[in-house]
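Below is one structure, written out as structure tokens; the observations come after it.
None of the values given here were measured: they were computed from a predicted structure. In what follows, every chain begins at residue 1, and chains take the letters A, B, ... in the order their sequences are listed.
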Amino acid sequence: MERYDPRAVETRWQDVWARTRAFEVPAGVADDGRPTAYVLEMLPYPSGEAHMGHVKNYSMGDVIAHYRRRTGARVLHPMGYDAFGLPAENAAIRTGRPPGEITRENIATIRRQLQSHGYSIDWTRELSTCEPSYYRWTQALFLRLFDAGLAYRREAPVNWDPVEQTVLANEQVIDGRGERSGALVEQRLLAQWFFRITAYADRLLDDMADLEGRWPERVLTMQRNWIGRSQGAEVSFPVAGETGLALDVFTTRPDTLWGATFFVLSPEHPQLERLLAGVEDPAAAERVRAYVEAARRTPTDERSAAERPKSGVPLGRDVINPVTGRPIPIWVADYVLMGYGTGAIMAVPAGDERDFEFATTYGLPITVVVAPPDWDGGPLAQAYTGEGVLVDSGELTGLAAPSQAKGAAIRYLEEREIGRATVTYRLRDWLISRQRYWGCPIPVVYCEGPGEDGIVPVPEADLPVLLPDVSDYHPRGRSPLATAEEWVRTTCPRCGGPARRETDTMDTFVDSAWYFLRYCDPDNEAAPWDRRVVDTWMPIDQYIGGVEHAILHLLYARFFCKALTDLGHLDVQEPFARLFTQGMITRDGAKMSKSKGNAISPREIIDRYGVDTARCYILFIGPPDQDADWNDQGVEGMYRFLSRLWRLSAEAAETLPDEPAPVAPLAPDDERIMRKAHWAIDKVTADLGGERFSFNTAVAAVMELMNELTEAKRGAASPGAVRFALSTAASLIFQFAPHTGADAYERLTGRRVWEEEWPSADSALLESDTFELVVQVNGKVRDRVPAPSDASQDDLLTLARDLPNVQTHVDGRQVVKEVVVPGKLVNFVVR
RNA sequence: GCGGGCGUGGUGGAACCGGUAGACACGCCGGCCUUAGGAGCCGGUGGCGCAAGCCAUGGGGGUUCGAGUCCCUCCGCCCGCACCA
């Protein structure tokens, strides 16, 4: 007898799929009348080897893709590589080899591995973000945003690693230190490129209402927090003794303005030097400068720790509280952040915990304006942030704060022109420039010619601006591209005079903010995409990936679609109609990593058991959105199951006559098997087609079906019934274990399972003439008895009452209530 | 601190609208087959109890004929954001 040989089965079917182009969809507008489905998993970074997270991600997507295909959709299911980025560049610095060479090697490796996993991917659409054929369009999109004023350059504080001599992305700063060097990161002011994502803050926030229930709640919450919209007022505080100069603050509680007893500037506040110039005591000014310098040197993460004790220095000058007319002192303190609001606050210690702590530390006055309900008129032991009634607040006194008072305060300020309603966001503009080599060049030049044209975009016809070859990839305070003098020197497209190229490259999140659009029309040489083609596929029906991209990638991609839709290139407000975030695969409860030595590579598992075992196991181990712990013995069990499925199918195909499935009336053994098969169809359909991706229970259902089909249990079942049940098992497991499923199915039926329509369960075989009636007394199960499905409530009660076990518990007591749930149970309530 | 999620056998987990708690699998125990087995097959397996039965879904309380599921409360764990004015 033949043995289950996963490798032979894999080779055979992967060959067939490639040869018959089974999962390719023709280019262009999809118009064959079938509904379309776009199923996408987040594209991998090609680090070389595929890991278990990849297997989970792509296996999930593959189940969905197969299911959608077999339920009648034309499915787009592509793959590509997020190929620019630091790991390859760091490898280049280490080895001296060009990052492109390293990356292309890594891509070849991961492609080979992914292809060996047998996913139903249309490989003709494969793309790689580091190829000029792709990044020319990244550049084109940059130019469209630039023309629309959505891409701009300005000076900004950035993370500077003094050891590596480079700017670092926020993600590369761990606890205030450079990820690789371990050096304390400093803030530096450098000219940088930004995308104006803040212009879309409201829409990014408001449109999330449509994603409710279709995206994981926590991802929506994370994005909402990240955007961080706060409604309040901007209020202007005149500087005492200097006519004309005023400092603006943002506050969410303008109603507490009467309680503002001091004023705090961030150490980075731009007006600080000007204010210091007017300070009379030079020692005081020196103290402020020393404080500012110390703050600058403090790592960002450390500075923004909430538990840190408050510190600050008095500036030696006052502002006038615009509603009380009284002077209040200005302080400089690093708990006020330049990056939020105006970089200055009015401090209301009675109503804000931070201001309270600061006031207590430095002995500043605390004036109660929102009276706590139980207030005795004395000093507060801590800030009161709850609801209350305003006291000592001019004409607002007596209003409920903040409910009534907030709006009243804004009207008050606007009437007197000392403030106005404002909305502030936590979201900042997206800093996209990197002083790094291995990224997409920013397609602009700086004119040095007679035209003095300043920043000039490279005409789209001249794209791509190719990444030049350089010999040294070390960042030395400027982008390595700057060393390519030949490349940097160019001519101004506008005046024809000399010009220098921009040497920064783009953040790799720009590359991945639109790749899913390119998949729709990957070979278009005239445009990033043809809008009609994109319209047939977008939005993505199901997007699947790790929760680590909950904010950045998903927010950037949403922004791109909105901006490009506004510019007329697209009609996609939300690119990802449904999002699923998968949990991690852990080992012994910890994240797998090479450094911990607990990583288990898919390659080892596949070599040993075959890819189908790996794919099934990873989806069987638990609900896919949860983290799941890898268990070596569990894999073994999955291998046994697939072996059994294959072996029984192969044996049946060889030994049992090819008879059709039996029809009613069914012999008892046939009926049992046929019922189980239809039950499994029903169960798997619900698990895959429903809202939840219950892959684990779907696999379990096929296992149950197989358990019904062992030689011992088959009994006198007819060959037709056995063949039907086995081919059903093969057809249902195919989505999870495509090679094994396809092979078993073909042996049994001679047909290709992926071309088969999704099976439908026969409702007659889902229902039964009898059911097991559960009989309870006072809610406790006392007996079970077979009962006819069509029995009346009275019949069920009679049946139940006669049971000896029930009699024992009811005997001698009074039945006060009888509950009947048809088809389920009877409950006698006795006293 | 704010927000989100979770807590079920030795283990991963199942249980749709409140209606048989523990599907399926791992592990463990026993058996068959075998020179042997880390192969295959069959059976058992929440706890206590000889048994009838009792106890069990983090703890406590409530609603209900009936609660893992709903409500209140406490405890614990995980994740995200965090001096955001």
Query raised in the report: With sugar-phosphate meaning primed atoms plus P, OP1 and OP2, does A/Arg782 contact a base, only sugar-phosphate, or nothing at under 4.0 Å between heavy atoms?
Result: sugar-phosphate
**Report entry** Atom-pair distance (CG on A/Asp627; C1' on B/C77), nearest Å
**Finding:** 13 Å
Query raised in the report: B/G9: syn or anti, with syn meaning chi within 90° of zero?
Result: syn
**Report entry** Nearest to side-chain heavy atoms of A/Met703, which nucleotide of B/G80, B/A25, B/A23
**Finding:** B/A25
Query raised in the report: Starting at the 5' end of RNA chain B, what dot-bracket string do you get if Watson-Crick and G-U pairs under 3.5 Å are bracketed, crossing pairs use [ ], other-strand pairs use | and unpaired bases use dots?
Result: (((((((..(((......[....)))((((((.......))))))(((....)))..(((((..]....))))))))))))....
Query raised in the report: Could you state the CG-P distance from A/Leu619 to B/C24, rounded to the nearest angstrom?
Result: 20 Å
Report task. Please work out if A/Arg644 contacts a base, only the sugar-phosphate, or nothing of the nucleic acid, heavy-atom cut-off 4.0 Å. Result -> sugar-phosphate
Query raised in the report: Is a salt bridge present between A/Asp5 and A/Arg3, judged by a nitrogen-to-oxygen distance below 4.0 Å?
Result: no
Query raised in the report: Which heavy atom of A/Ala730 sits nearest a heavy atom of A/Ala744, and at what distance?
Result: CB-CB, 3.8 Å
**Report entry** C1' atoms of B/G10 and B/G22, separation to the nearest Å
**Finding:** 14 Å
Query raised in the report: Looking for any heavy atom pair under 4.0 Å, which part of the strands does A/Phe620 touch: base, sugar-phosphate only, or nothing?
Result: base
Report task. Determine, for A/Arg308 against A/Asp334, whether the closest basic-nitrogen to carboxylate-oxygen distance falls under 4.0 angstrom. Result -> yes
Query raised in the report: Please give, in whole Å, the distance from B/G27 P to A/Asp632 CG?
Result: 11 Å
Query raised in the report: Out of B/A85, B/G27, B/C79, which has the shortest distance to the side chain of A/Arg218?
Result: B/C79
Query raised in the report: What nucleic acid atoms does A/Gly341 come within less than 4.0 Å of, heavy atoms only: base, sugar-phosphate, or nothing?
Result: nothing
Report task. Establish, with yes or no, whether the OP1 or OP2 oxygen of B/C24 is under 4.0 angstrom from a side-chain nitrogen or oxygen of A/Thr697. Result -> no
Query raised in the report: For atom CZ of A/Arg7, is the number of surrounding heavy atoms from other residues, nucleotides or ligands below 6.0 Å larger than 12?
Result: no
Query raised in the report: With a cut-off of 6.0 Å (strictly less than), are more than 12 heavy atoms of other residues, nucleotides or ligands near CZ of A/Arg218?
Result: no
Query raised in the report: Given A/Tyr335, which of A/Phe356, A/Tyr340, A/Phe358 fulfils the ring pair (Phe, Tyr, Trp, His ring centres under 6.0 Å) condition?
Result: A/Phe358
Query - Euclidean distance, A/Ser643 OG relative to A/Leu648 CG, rounded to 0.5 Å - result: 10.5 Å
Query raised in the report: Between A/Glu353 and A/Val781, who's closer to the 5' end of RNA chain B by nearest nucleotide?
Result: A/Glu353
Query raised in the report: CZ of A/Arg640 versus C1' of B/C42: gap in Å, rounded?
Result: 15 Å
Query raised in the report: Using 30° and 60° as the class limits, which term best fits the ring planes of A/Phe263 and A/Phe237: parallel, tilted or perpendicular?
Result: tilted
Report summary line: Paired with A/Tyr617, the ring pair (Phe, Tyr, Trp, His ring centres under 6.0 Å) test is passed by just one of A/Phe641, A/Phe736, A/Trp630, A/Tyr639, namely A/Trp630
Report task. Determine the interatomic distance between P on B/C55 and the same-named atom on B/U11; round to the nearest Å. Result -> 23 Å
Query raised in the report: Contact class for A/Leu825 (heavy atom, under 4.0 Å): base, sugar-phosphate, or nothing?
Result: base
Query raised in the report: Within the pair A/Arg426 and B/A82, is there a side-chain N or O less than 4.0 Å away from OP1 or OP2?
Result: yes
Requested in this report: Round to the nearest Å and state the distance from A/Asn707 atom CG to B/G43 atom C1'.
Outcome: 13 Å
Query raised in the report: So what does A/Glu772 hit on the nucleic acid, given a heavy-atom distance under 4.0 Å: a base, only sugar-phosphate, or nothing?
Result: base
Report task. Give one of base, sugar-phosphate or nothing for A/Asp355, where a contact means two heavy atoms less than 4.0 Å apart. Result -> nothing
Query raised in the report: Counting side-chain heavy atoms from C-beta on, which of B/C24, B/A85, B/G27 comes nearest to A/Glu704?
Result: B/C24
Query raised in the report: Do A/Arg675 and A/Asp682 sit within salt-bridge range, that is, some charged N less than 4.0 Å from a carboxylate O?
Result: no
Query raised in the report: Can you tell me how far P in B/G13 sits from the matching atom in B/G62, rounded to whole Å?
Result: 32 Å
Query raised in the report: In whole angstroms, how far is the P atom of B/C83 from the OH atom of A/Tyr340?
Result: 12 Å
Query raised in the report: Around atom CD of A/Glu212, are there more than 12 heavy atoms of other residues, nucleotides or ligands at under 6.0 Å?
Result: yes
Report task. Check every strand shown and say whether A/Thr424 touches a base, only sugar-phosphate, or nothing at a heavy-atom separation below 4.0 Å. Result -> nothing
Report summary line: Side-chain contact check for A/Arg608: nearest option of B/G19, B/C26, B/G38 is B/G38
Query raised in the report: Quick one: is B/A14 close enough that its OP1 or OP2 comes under 4.0 Å of any side-chain N or O from A/Asn696?
Result: yes
Query - Contact under 4.0 Å: A/Arg308 side-chain N or O vs B/A82 OP1/OP2 - result: no
Query raised in the report: Separation of A/Ile345 atom CD1 from B/A85 atom P, in whole Å?
Result: 11 Å
Query raised in the report: Under 4.0 Å between a Lys/Arg side-chain N and an Asp/Glu carboxylate O for A/Glu704 and A/Lys683?
Result: no
Query raised in the report: So, A/Arg615 and A/Asp612, do they make that salt bridge, N to O below 4.0 Å?
Result: no
Report task. Check every strand shown and say whether A/Pro216 touches a base, only sugar-phosphate, or nothing at a heavy-atom separation below 4.0 Å. Result -> nothing
**Report entry** C1' atoms of B/U8 and B/A23, separation to the nearest Å
**Finding:** 13 Å
Report task. Return the value, rounded to whole Å, for the distance between atom CG of A/Asn631 and atom C1' of B/C24. Result -> 15 Å
Query raised in the report: Roughly how far apart, to the nearest Å, are B/G53 and B/G5 at atom C1'?
Result: 39 Å
Report task. For this output row, return yes or no: ring centroids of A/Trp430 and A/Phe509 closer than 6.0 angstrom. Result -> no
Query raised in the report: Choosing from B/C54, B/G4, B/G80, which nucleotide comes nearest the side chain of A/Met222?
Result: B/G80
Requested in this report: State whether A/Arg647 places a side-chain N or O below 4.0 Å from either non-bridging phosphate oxygen (OP1 or OP2) of B/C41.
Outcome: yes
Nucleotide N/O to protein N/O under 3.5 Å, stretch nucleotides 63-69 of chain B:
unit_1, atom_1, unit_2, atom_2, d
B/C65, OP1, A/Lys817, NZ, 3.4
B/C65, O2', A/Asn827, ND2, 3.3
B/C65, O2, A/Asn827, ND2, 2.6

**Report entry** B/C17, syn or anti by chi within 90 degrees of zero
**Finding:** syn
**Report entry** Same-atom distance (P) from B/G9 to B/C48, integer angstrom
**Finding:** 15 Å
Query raised in the report: Closer to the 5' end of RNA chain B via nearest nucleotide, is it A/Tyr335 or A/Ala700?
Result: A/Ala700
Query raised in the report: Checking all strands, does A/Val219 fall into the base, sugar-phosphate, or nothing category for heavy-atom contacts under 4.0 angstrom?
Result: nothing
Report summary line: Considering only heavy side-chain atoms of A/Thr251, the closest of B/A85, B/C24, B/C42 is B/A85
Requested in this report: For B/G7 and B/U57, measure between their C1' atoms and round to the nearest Å.
Outcome: 9 Å
Query raised in the report: Between A/Asn805 and B/A52, is there a side-chain N or O to OP1/OP2 distance below 4.0 Å?
Result: no
Requested in this report: Take atom C1' in B/G58 and the same atom in B/C78, then report the distance between them in whole Å.
Outcome: 15 Å
